[in-house]
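The next block holds one structure in the form of structure tokens; read it before the comments.
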Amino acid sequence: MRILCVAEKNSISKAVASILSGDTYQTRNTGNQYVKNYTFDFNFQQWGPSSVTMTAVSGHITTLDVTAANKHWEHPPPETLFTCPVRFVTPEDKQSIADNIASQARYCQALCIWTDCDREGEFIGSSIVDAAKKGNPRIQVKRAHFSNIEPAHIMQAVSRLGELDYKQVAAVAARMELDLRTGYAFTRFLTLGLRPLGGPLSGNTISYGSCQFPTLGFVVDRYFKVKSFVPEPFWSIKVSHTKDGITANFSWFRNRLFDRASVIILYERCLAAKRATVKKVQEKPTKKWKPLPLTTIEFQKVATRLLQMTGQQAMSVAENLYNKGFISYPRTETDRFDKGMDLQGLVRKQIPSDRWGRYANDLLNGAFQRPRDGRHDDKAHPPIHPVTFAAPTVLNDQERRVYEFVVRRFLACCSDDAKGMATDIEIEYGEERFNAHGIIVLERNYLDVYIYDKWSDSAELPKFTIGERFEPTEALMTEGKTAAPGYLTEADLIALMDANGIGTDATMAEHIQKIQEREYVCAVSRGNRGNRGNRGANEGDGDAPAGRGGRGGRRGRGGRGGGAADGGSRGSNSVKEFIPTRLGVALIQGFDRMEFDNSLGKPFLRKEFEAKMKAICEARTTKDAVVRETLRQYADVFSISQERFSVLKTACREYVFDQHGV
DNA sequence: GCAAGGTC
């Protein structure tokens, strides 16, 4: 028998060829620079001894598009895009890949699909089948199911070949059709319709996309929350006591009150009592959990917070490291390692490092612990982990930082939790209660290698005994103001997109990039606002001072951003925040004011669609029904947008041109 | 000139 195997990317094709052939494959070039054909012999349970050609595509080999009749922007009118014919085409740069599959298929009796085991992978698999059938219409088709490239796992996959799941293929086809029709229709409508207003609207492309708009909506939503925030003054009582050279800071049980007179009365009662009484002393073991195995989303959040990169930079650096073979595939939703993976073998590879090699060595000498299991598994890829050791000299500066993070995260996952002793002390002072919380770190464990985590609320407390009475060293009434929430950071935005099903791990950073390109939002260094020329919609300095008036209010809820783990990312290149431009605000406000059931600026339509795709996959509905229903929804929004277009234009005039907000 | 999704 002759068998053709096709993977989603060359790296998988090469790895599988290597495993199935025992490293005795031959390599041949194809017409595409990223794709190689690997040939070898293999004895399939299904087909017996066979000669195999293993090749790959490079992501999708087809794309959905409108026909020539609908390529013009001016005619026919954009609403026709909801009903016009659409068809799959092979883009020019993918033709050689499709041809390679067709010509190889000509000599083969069977085709085995090795694309990633996710929805998009299933769809890519179906277009590989179509390409192969052009060369050999009667070719038999099988599908391998695998989620990593451990040899034992691949051998199991090849011994239990299954079928392509055409329900998943249909779900992806539905997504493509919806995104294409709505994206083109609204983009043309907005761009052409708003152009007469002039200014930035005369030259810009005003694009709509089912992911772009909700992403913009999050930024605008937070902008208004910040802008409409009214700080409230509050008062509190803070007690501290120094003993044996150690100071214990006690927080008030009531935290804070918004009535000054009440706090004065309570405070004076404390002072009148003179002495405080220790009511409770509790010591108990505690631990700080090691991190979960690394997903793409978590990677991007950390990279934007701690490595001073944008999500997109971080992804492109990670892709380089992956292509050079240093780290595993960086696009994954999985935060648990497969039981069969040789994690200690991966730890061993890090021993040569002069920075964490010793730590890796200690792990192998008894300190190794299995990583925690998170709740996510995309069934297509393992968590991001180092594959082999990269000497610092072979990496550039950014690669070094990303690689170091991936390695330290992995080693931390294979370590023990940090352990400590927590102390809680409660005192009564007058009629008020206060407590102090302290932690002594006993075993640092993973903290030694995972330098991004600090157990920073760990403070040592002096010894107290129950019933002990003392006169506090200091008792202050403090004053503060509630603080406005901060504008969205990239980490916040990614978290919101994730929670609302906007985009995929591979595309979130691109959407964030896109709404900046379109000049819907701009990224501004925190603490550097009000300095954005005339592009921002922000009113003067909306940055309400962050509370903490006087010397008090340690627990004021205003804490901005990262919190304890934010280890030293201040300075010139600090965390960026997203603020909408006038144009961005105008678009979201305009759509909101048209009062649809489903505003395009909100994530609900996309979220609903995500649920419908799942329903297609579970055979609870069909692609045709979903496309029909959803296109109806969007077409309704479209026709209302046309009817009430003056509302949108008014919002644009108001925000983009008038003095609104300046 | 327009989308979102793959991958390099």
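Everything numeric here is computed off the predicted structure, so don't read it as measured data. In what follows, chains carry the letters A, B, and so on, assigned in the order in which the sequence lines appear, proteins first and then strands, with residues in each chain numbered from 1.
If you check the side chains of A:S210 and A:D179, you find a donor sitting under 3.5 Å from an acceptor. Side chains of A:N10 and A:Y38: a donor on one and an acceptor on the other come within 3.5 Å. A donor and an acceptor atom, one from each side chain of A:D492 and A:T489, are located under 3.5 Å apart.
Using a 4.0 Å heavy-atom distance criterion, A:S210 is classed as a sugar-phosphate-only contact. Across all strands shown, A:R119 has no heavy atoms under 4.0 Å from either base or sugar-phosphate atoms. Residue A:T182 is classed as having no contact, given no heavy-atom separation below 4.0 Å to the nucleic acid. When heavy atoms are screened at a 4.0 angstrom cut-off, A:Y329 is found touching the sugar-phosphate backbone but no base atom. A:F186 comes within contact range of no nucleotide atom at all, as no heavy-atom separation falls under 4.0 Å. In this structure, A:G121 reaches neither bases nor backbone, as no heavy-atom distance under 4.0 Å exists between it and the strands shown.
The side chain of A:H511 contributes an N or O atom lying less than 4.0 Å from OP1 or OP2 of B:dG5. Phosphate contact (OP1/OP2 of B:dA3, side-chain N/O of A:Q212, threshold under 4.0 Å): present. Here A:R331 reaches the OP1 or OP2 of B:dT7: one of its side-chain N or O atoms lies under 4.0 Å away. Contact check, A:Y184 against B:dG1: no side-chain N or O comes under 4.0 Å of OP1 or OP2.
Contact check of residues 63-70 of chain A against DNA chain B (heavy atom, cut-off under 4.0 Å) returns A:T63, A:L64.
Listed candidates were B:dG5, B:dG1, B:dC2. Nearest to the side chain of A:R195 is B:dG1. The side chain of A:T504 approaches B:dG5 more closely than any other nucleotide in the set B:dG5, B:dA3, B:dG1. Minimum atom distance to the side chain of A:E74 is reached by B:dG1, of the listed B:dG1, B:dC2, B:dA3. The side chain of A:E510 has B:dT7 as its nearest neighbour among B:dC8, B:dC2, B:dT7. When the nucleotides B:dC8, B:dG5, B:dC2 are ranked by their closest atom to the side chain of A:R175, B:dG5 comes out on top. Picking from B:dG1, B:dC8, B:dT7 the nucleotide with the shortest atom distance to the side chain of A:Y34 gives B:dC8.
Between the NE2 atom of A:H60 and the P atom of B:dG5 there is a distance of 9 Å, given to the nearest Å. Separating the CD1 atom of A:I515 from the C1' atom of B:dA4 is a distance of 15 Å, rounded to the nearest angstrom. One interatomic measurement links the two molecules: CD1 of A:I61 to C1' of B:dT7, which rounds to 13 Å at whole-angstrom precision. In this structure, the CD1 atom of A:I124 is 8 Å from the C1' atom of B:dG5, given to the nearest Å. One interatomic measurement links the two molecules: CZ of A:F88 to P of B:dG5, which rounds to 15 Å at whole-angstrom precision. B:dC8 atom P lies 6 Å from atom CG of A:N323, rounded to whole Å. B:dC2 atom C1' lies 13 Å from atom CD of A:E517, rounded to whole Å. As rounded to whole Å, 19 Å separates atom P of B:dA4 from atom NZ of A:K607.
Position along DNA chain B of the nearest nucleotide to A:S11 versus A:G203 favours A:G203 as the more 5'-ward residue. Each of A:G59 and A:H72 was matched to the nucleotide of DNA chain B holding its nearest heavy atom; the match closer to the 5' end belongs to A:H72.
Judged by a 6.0 Å distance limit and a 45° cone about the ring axis, A:K9 is positioned over the six-membered ring of A:Y329.
Side chain of A:T191 to main chain of A:I206: a donor-acceptor pair is present (N/O by atom type, distance under 3.5 Å, no hydrogens or angles).
Paired with A:H381 under the rule side chain to side chain donor-acceptor pair (under 3.5 Å), one option of A:T295, A:T332, A:D116, A:N148 passes, and it is A:D116.
The base of B:dC8 is paired with the side chain of A:S58 by a donor and an acceptor separated by under 3.5 Å.
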*Can you list the steps and then say if A:F213 with A:F186 is a ring pair (Phe, Tyr, Trp, His ring centres under 6.0 Å)?*
CA-CA 11 Å; A:F213 251 53; A:F186 278 101; 8.1 Å; no

_One pair to check against ring pair (Phe, Tyr, Trp, His ring centres under 6.0 Å): A:Y184 and A:Y208. What are the steps and the verdict?_
CA-CA 8 Å; A:Y184 278 23; A:Y208 164 82; over 10 Å; no

For a quick test of your reading: what N or O donor-acceptor pairs under 3.5 Å do the side chains of residues 59-78 of chain A make, sequence neighbours left out?
{"residue": "A:H60", "atom": "NE2", "partner": "A:E120", "partner atom": "OE1", "Å": "2.9"}
{"residue": "A:D65", "atom": "OD2", "partner": "A:K71", "partner atom": "NZ", "Å": "2.8"}

